[in-house]
Amino acid sequence: MGQKLELFDVTIIGGGPAGLYAAFYSGMRDMKTKLIEAREELGGRTLMYPEKIVWDVGGMAPVRAAQLTKLMIQQAQTFDPTIVLGQQITGLERLVDGTMRITSATGEQHWSRTLILAIGHGALKLAKLNLPGAENYEKDNLHYNVTDVASFRGKRVLISGGGDSAVDWANELVGIASAVTLVHRRDRFSGMERNVRRMKASNVQVLTPYAIKNLYGNGNRLDAVSIAPLNADGEWTDETEQERLAVDAVLINHGLRGDLGPIVDWGLVRENWNFNADEKLATNLPGVFVAGDTANYGSKLYLIAGAFTDAALAVNSAKLYIEPDASIRAQVSSHNSKFDEKNRALEIVEERSRRDDLQEV
Ligand SMILES: Cc1cc2nc3c(=O)[nH]c(=O)nc-3n(C[C@H](O)[C@H](O)[C@H](O)COP(=O)(O)OP(=O)(O)OC[C@H]3O[C@@H](n4cnc5c(N)ncnc54)[C@H](O)[C@@H]3O)c2cc1C
């Protein structure tokens, strides 16, 4: 069987709001916990809208998504779970004793007694330009990220996208490049309003609803693209006229897309993107639970608040799967002795800052 792996009580797949809260709550339930995230950073889809202000998380004053992400990550680490980044989980096998062996796309293996799938709409990956041969130009002047702003100096740049990244880069590059054109499939932008206004008032040529239709180059380096307006259905017709644009660099900012990958072949019952679960977040596979946007049940709330509730329910179900006699939920934190030491540490900090305040007066 190869190497001997550490066995975890629960392995949470996905490091968005649901996975992060599950990692915290499973610590409250004394479970040996591992969290695996496909990306190199935690946060899930909250990473897609860092500047947006979130109002609808209970008990929180309006908070930028970036700050909320930071707080969720901090909370997830309360009980020191093992956190693995950069692995997309693809395979599941059940050993004779019921242990689950899960494998990643890059071949790593993990053992666990239970699984919580908190995978949203799948592993988040950069949405690529879906045109023939596009990937060949990535070697040279078709970009998905800007790593060196200075390399755009004096160039004719075409940006495609309407979110924060596209708008921010248009604003940043307009003072550096010789010309910046931005095309977006919709008339409405999802980037911050203030930055959209700034872009529209600048020298950026903004074309909506437009998209890139064809690429022209020698197979390695692009020297022109054709762009064309979309009709009300977001499509092109045979009559659509294309406009050819000479370019030195093309920057694609189409956001992130979910990829469920081979998890769809695990035998889980699902509807489109979502896996069916009962009110305890149990799926049709024993020991496999779901939480967050990936879950499908009658009263499911597709919100961060809903992800938190799902996570606690899924963890409780995982605990009872391993220990049927355990209590059905963790004791509330305000009465839970697991926090005694952490509370004392916080009280010392509070006391110190009270004394400092008094000294200042
Ligand atoms: C633009 C925008 C604005 C929003 N605003 C709000 C708001 O104001 N309030 C609100 O409550 N909600 C808001 N939402 C919704 C909210 O972001 C989601 O409900 C929430 O992120 C769901 O959390 P999740 O953990 O279930 O999934 P996700 O956040 O999607 O996280 C899933 C994670 O799992 C990882 N993953 C997937 N598959 C695998 C795999 N096979 N292996 C390893 N890792 C994997 C993914 O990479 C991802 O990091 C907004 C969403 C968007 C897109």
K.L.:
Measure across Thr90 and Ser104 and return the closest heavy-atom pair with its distance rounded to 0.1 Å.
P.N.:
OG1-C, 3.4 Å

K.L.:
Does the salt bridge (charged side-chain N to carboxylate O under 4.0 Å, His left out) test come out yes or no for Arg39 and Glu41, once each step is laid out?
P.N.:
CA-CA 5 Å; Arg39 292 177 62 76; Glu41 54 185 336; 3.7 Å; yes

K.L.:
Would you mind listing every salt bridge (Lys or Arg N to Asp or Glu O under 4.0 Å) that reaches into residues 310-339, with sequence neighbours excluded?
P.N.:
Asp30-Lys338, Lys300-Asp310, Lys319-Glu323

K.L.:
Identify whether Leu131 and Trp236 are in the same connected component of the hydrophobic contact network (ILVMFWY, side-chain heavy atoms under 4.5 Å).
P.N.:
no

K.L.:
Under 30°, 30 to 60°, or over 60°: which ring-plane class applies to Phe289 and Tyr321, parallel, tilted or perpendicular?
P.N.:
perpendicular

K.L.:
Is a donor on one side and an acceptor on the other found under 3.5 Å between the side chain of Asn336 and the backbone of Phe339?
P.N.:
no

K.L.:
When the side chains of residues 141-152 are checked against the rest of the protein, which donor-acceptor pairs come out under 3.5 Å, sequence neighbours left out?
P.N.:
residue: Asn141; atom: OD1; partner: Leu222; partner atom: N; Å: 2.9
residue: Asn141; atom: ND2; partner: Leu222; partner atom: O; Å: 2.8
residue: Asn141; atom: ND2; partner: Asp248; partner atom: O; Å: 3.0
residue: Tyr144; atom: OH; partner: Leu129; partner atom: N; Å: 2.9
residue: Asp148; atom: OD1; partner: Ala150; partner atom: N; Å: 3.3
residue: Ser151; atom: OG; partner: Asp148; partner atom: O; Å: 2.6

K.L.:
In the hydrophobic clustering that connects Ile, Leu, Val, Met, Phe, Trp and Tyr at side-chain heavy-atom distances below 4.5 Å, which members other than Val269 occupy its cluster, ordered by chain and number?
P.N.:
none

K.L.:
What verdict does the side-chain contact (heavy atoms from CB on, under 4.5 Å) test give for Val250 and Val225, after you've listed the backbone C-alpha separation in whole Å, the side-chain angles of each residue and the deciding distance to 0.1 Å?
P.N.:
CA-CA 9 Å; Val250 173; Val225 299; 4.0 Å; yes

K.L.:
Apart from Trp273 itself, what residues make up its hydrophobic cluster, given side-chain heavy atom links below 4.5 Å?
P.N.:
Ile13, Ile36, Val84, Ile89, Leu92, Met100, Ile102, Leu115, Leu117, Ile119, Leu260, Ile263, Val264, Trp266, Leu268, Phe275, Leu281, Leu285, Val288, Val290, Tyr297, Leu313

K.L.:
With a sphere of 6.0 Å drawn around CG of Asn130, does it hold more than 12 non-hydrogen atoms of other residues, nucleotides or ligands?
P.N.:
no

K.L.:
Quick check: is Phe189 connected to Ile252 through a chain of hydrophobic side chains (ILVMFWY, heavy atoms under 4.5 Å apart)?
P.N.:
no

K.L.:
Would you please test Thr106 and Glu108 for side chain to side chain donor-acceptor pair (under 3.5 Å) and show each step?
P.N.:
CA-CA 6 Å; Thr106 38; Glu108 291 88 354; 2.7 Å; yes

K.L.:
For residues Leu35 and Leu42, determine if any side-chain heavy atom of one lies less than 4.5 Å from a side-chain heavy atom of the other.
P.N.:
yes

K.L.:
Return the set of residues passing side-chain hydrogen bond (donor to acceptor under 3.5 Å, both in side chains) with His254 (not counting sequence neighbours), or none when no residue passes.
P.N.:
Ser160

K.L.:
Linking Ile, Leu, Val, Met, Phe, Trp and Tyr through side-chain heavy atoms less than 4.5 Å apart, which residues share a cluster with Leu320?
P.N.:
Ile328

K.L.:
Please determine whether a side-chain nitrogen of the Lys or Arg among Lys125 and Asp259 lies less than 4.0 Å from a carboxylate oxygen of the Asp or Glu.
P.N.:
yes

K.L.:
Identify the heavy atoms of Ala118 and Gly19 that sit nearest to each other, and give their distance.
P.N.:
CB-N, 3.6 Å

K.L.:
Can you confirm whether Asn203 is buried at CG, in the sense that more than 12 heavy atoms of other residues, nucleotides or ligands lie under 6.0 Å from that atom?
P.N.:
no

K.L.:
Under a 3.5 Å distance rule, please check whether Thr294 uses its side chain to pair with a backbone N or O of Gly120 as donor and acceptor.
P.N.:
yes

K.L.:
What distance separates Asp187 CG from Thr208 OG1, expressed to the nearest 0.5 Å?
P.N.:
4.0 Å

K.L.:
Can you list, by chain and residue number, the hydrophobic cluster partners of Val96 when the side-chain cut-off is 4.5 Å?
P.N.:
none

K.L.:
Sorted by first residue and then second, give each salt bridge (Lys or Arg N to Asp or Glu O under 4.0 Å) pair with at least one member in residues 162-186; sequence neighbours left out.
P.N.:
none

K.L.:
So His184 and Tyr210, ring pair (Phe, Tyr, Trp, His ring centres under 6.0 Å) or not? Walk me through it.
P.N.:
CA-CA 5 Å; His184 177 40; Tyr210 263 70; over 10 Å; no

K.L.:
When rounded to the nearest 0.5 angstrom, what is the spacing between OG in Ser333 and CE in Met28?
P.N.:
5.0 Å

K.L.:
Do Arg244 and Tyr216 form a cation-pi contact, if we require the NZ or CZ to be under 6.0 Å from the six-membered ring centre and within 45 degrees of the ring's axis?
P.N.:
yes

K.L.:
Does Ser112 use its side chain to pair, donor to acceptor, with the backbone of Thr11 at less than 3.5 Å?
P.N.:
yes

K.L.:
Scan the side chains in residues 58-71 for donor-acceptor partners under 3.5 Å anywhere in the protein, sequence neighbours excluded, and list what turns up.
P.N.:
residue: Arg64; atom: NH1; partner: Glu51; partner atom: O; Å: 2.7
residue: Thr69; atom: OG1; partner: Thr46; partner atom: OG1; Å: 2.9
residue: Thr69; atom: OG1; partner: Ala65; partner atom: O; Å: 2.7

K.L.:
Sequence neighbours left out, what passes side-chain hydrogen bond (donor to acceptor under 3.5 Å, both in side chains) with Thr181? Give chain and number order.
P.N.:
Gln205

K.L.:
Could you grab the distance from atom OH of Tyr25 to atom CD1 of Ile116, nearest 0.5 Å is fine?
P.N.:
11.5 Å

K.L.:
Is there a side-chain contact between Glu138 and Lys128, using heavy atoms and a 4.5 Å cut-off?
P.N.:
yes

K.L.:
Pick one: which of Lys32, Lys34, Arg113 meets side chain to side chain donor-acceptor pair (under 3.5 Å) with Asp9?
P.N.:
Arg113

K.L.:
What donor-acceptor contacts under 3.5 angstrom involve side-chain atoms of residues 344-361, with partners at least two apart or in another chain?
P.N.:
residue: Glu351; atom: OE1; partner: Arg354; partner atom: NH2; Å: 2.8
residue: Ser353; atom: OG; partner: Glu350; partner atom: O; Å: 3.3

K.L.:
Membership question, hydrophobic clusters at under 4.5 Å side-chain separation (ILVMFWY): are Val183 and Leu126 in the same one?
P.N.:
yes

K.L.:
Applying side-chain contact (heavy atoms from CB on, under 4.5 Å) to Leu215 and Tyr137, what does each step give before you reach the verdict?
P.N.:
CA-CA 9 Å; Leu215 304 175; Tyr137 295 111; 4.1 Å; yes

K.L.:
Treating Arg29 as the side-chain partner and Met31 as the backbone partner, does any N or O pair qualify as donor plus acceptor under 3.5 Å?
P.N.:
no

K.L.:
Find the distance between CZ (Phe24) and CZ (Phe79) and round it off to the nearest 0.5 Å.
P.N.:
5.5 Å

K.L.:
Measure the spacing between CE of Met199 and CG of Leu182 and express it to the nearest 0.5 Å.
P.N.:
5.0 Å

K.L.:
How close do Val57 and Val54 get, heavy atom to heavy atom, and via which atoms?
P.N.:
CG2-CG1, 3.8 Å

K.L.:
According to a 4.5 Å side-chain heavy-atom criterion applied to Ile, Leu, Val, Met, Phe, Trp and Tyr, with indirect links allowed, do Tyr21 and Leu303 form part of one hydrophobic cluster?
P.N.:
no

K.L.:
Taking side-chain hydrogen bond (donor to acceptor under 3.5 Å, both in side chains) as the cut-off, I'd like each qualifying pair that reaches into residues 283-293, sequence neighbours left out, listed once.
P.N.:
Arg45-Asp293

K.L.:
What about Trp169 and Met48, same hydrophobic cluster or not, with Ile/Leu/Val/Met/Phe/Trp/Tyr joined at side-chain heavy-atom distances under 4.5 Å?
P.N.:
no

